[in-house]
Amino acid sequence: MHDDHVRESDPAVAEALAAEVDRQRSSLQLIASENHVSESVLEAQGSVFTNKYAEGVPGDRYYGGCEHADEIERLAIARAKELFDAEHANVQPHSGSQANAAAMLAVLEPGDTILSADLRNAGHLSHGHRANLAGQVYDVERYGLDPETGLLEYDALRERAEDAEPDLIVSGFSAYPRTVDWERIQSIAEDVGAFHMADIAHITGLVAAGVHPSPVGVADLVTGSTHKTVRAGRGGIVLCGADLADAVDRAVMPGVQGGPAMHNVAGKAVGFGEALEPAFEAYAEQVVANARALADGLTDRGCRLSTGGTDTHLVLVDLRGTHDILGKEAERALEACGIVLNANAVPGDPRPPKDPSGIRAGVPALTTRGFDERAMDTVAECIARVLENPADDAVRRAVTTRVDELCAAHPLYEASR
Ligand SMILES: *Cc1c(COP(=O)(O)O)cnc(C)c1O
């Protein structure tokens with residue numbers, strides 16, 4: 001796929017490229033942060049814009065020859081603003097983590113206090129983990145999810161915020177299957193005199209399509225990844241009001257980055273254009289329906305889900321008490337059958353985030369392949385069987401056969417075969 005030249009010049013890389021296409025086609029991608037972009041997005045990302053330096057913003061660049069880069073970035077910005085109904089969009093962040101770093105830099109001074117959730121509570125490394133720059137530059141206070149229910153308790157968050165007196169509250173999560181009430185968090189932030197950054201990395205596409213409430217126009221800053229549910233290819237984005245526009249642009253460049261990856265900005269332009277089409281809303285609705293079908297299918301077969309279900313694109317399975325297996329073992333056993341997902345901490349997890357008690361499964365990629373609720377129930381059945389019999393060869397063989405059938409029935413990147 002798109003690799004004729006590499007095949008001639010660099011067989012070693014070409015082999016890995018071809019093998020990866022094959023892997024994506026022949027296994028089920030249930031990593032909740034992953035998706036399959038369109039071939040148009042792939043083409044834009046693999047374009048000559050990788051050659052171009054375009055430091056600055058459209059119309060005000062540090063280098064010449066930027067007229068076409070300007071056009072591409074203006075398209076990406078205009079489409080992002082329309083898609084998210086935002087006053088300002090910066091489409092240059094190389095990823096969601098850079099978007100977060102920039103948004104923090106835009107409103108904080110070193111030593112300021114941020115209040116965020118840690119990895120055990122569905123947070124992200126870039127929210128102030130001590131190994132991340134944010135954890136070293138800012139004073140990090142933490143809030144959690146309810147260890148029993150897995151839910152975000154807004155009154156408890158308010159108490160934490162009154163106690164910690166943060167300069168910034170970070171909301172938005174990597175493994176939270178429920179709707180987030182942005183207004184409630186914003187009012188807490190306002191009451192304690194803090195900025196509010198809503199990180200919608202995972203649910204950018206759900207927000208764009210209106211199947212999850214939007215924090216845009218509510219939170220001071222909204223950050224996201226563009227390669228997850230919104231399917232616009234690898235990258236990040238910051239959205240904000242006109243009041244923070246200049247601070248955000250300066251924080252992205254020169255604050256945390258140099259030249260923008262213009263090939264990825266081109267991918268974002270194409271992906272946002274696709275997300276503005278009515279078909280994308282249908283896609284996002286199907287994502288939520290498929291996640292519910294997966295949740296129901298797993299629950300019916302003896303799995304315990306954190307929060308008891310899902311409103312979004314993912315489920316978080318708490319293996320404690322129901323299964324004699326840990327997250328990592330489950331991840332490995334499922335991958336051996338062609339079901340690719342990840343071990344994940346669950347709220348209240350006594351185990352370290354790298355060797356946790358749960359698994360996380362998301363449906364954005366399978367939904368892109370055309371899976372419906374019935375197919376998702378088959379996926380649930382496969383997962384449940386492996387979780388119950390992780391080392392049983394007959395089960396593994398049977399599940400692998402089902403996975404092969406599902407892949408054959410839902411072809412991927414067909415045009416490039
Ligand atoms: C995925 C994710 C990010 C960004 O990750 P990148 O890999 O840097 O794009 C940020 N925040 C949350 C909550 C995420 O899940």
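For reference, positions follow the sequence shown, starting with 1. For ligands, and for the atoms within them, numbers begin at 1 and follow the listed sequence.
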If you look at each N/O of ligand 1, which protein N/O atoms lie under 3.5 Å away, and at what distance?
from, atom 1, to, atom 2, distance (Å)
ligand 1, 8 (O), S95, OG, 2.8
ligand 1, 8 (O), G96, N, 3.4
ligand 1, 8 (O), S97, N, 2.8
ligand 1, 8 (O), S97, OG, 2.7
ligand 1, 9 (O), G96, N, 2.8
ligand 1, 9 (O), S225, OG, 2.9
ligand 1, 11 (N), D199, OD1, 3.4
ligand 1, 11 (N), D199, OD2, 2.4
ligand 1, 15 (O), S174, OG, 2.7
ligand 1, 15 (O), H202, NE2, 3.4
ligand 1, 15 (O), K228, NZ, 3.1

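The pair R304-D318 meets the salt-bridge criterion, with a side-chain N (NZ, NE, NH1 or NH2) lying under 4.0 Å from an Asp/Glu carboxylate O.
A perpendicular orientation is assigned to the rings of Y413 and H36, their planes being inclined by more than 60° (bins at 30° and 60°). The aromatic rings of H202 and H313 lie tilted to each other, with the angle between the two planes from 30° to 60°. Ring geometry for Y53 against Y63 counts as perpendicular: the plane angle is over 60°, on a 0 to 90° scale with 30° as the lower cut.
Figure legend: R231 and F280 shown without cation-pi pairing, the cationic atom not lying both under 6.0 angstrom from the six-membered ring centre and within 45 degrees of its axis.
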Just list the side-chain donor-acceptor pairs under 3.5 Å for residues 270-278, sequence neighbours left out, or say none.
from, atom 1, to, atom 2, distance (Å)
E274, OE1, S38, OG, 3.3
E274, OE2, S38, OG, 2.6

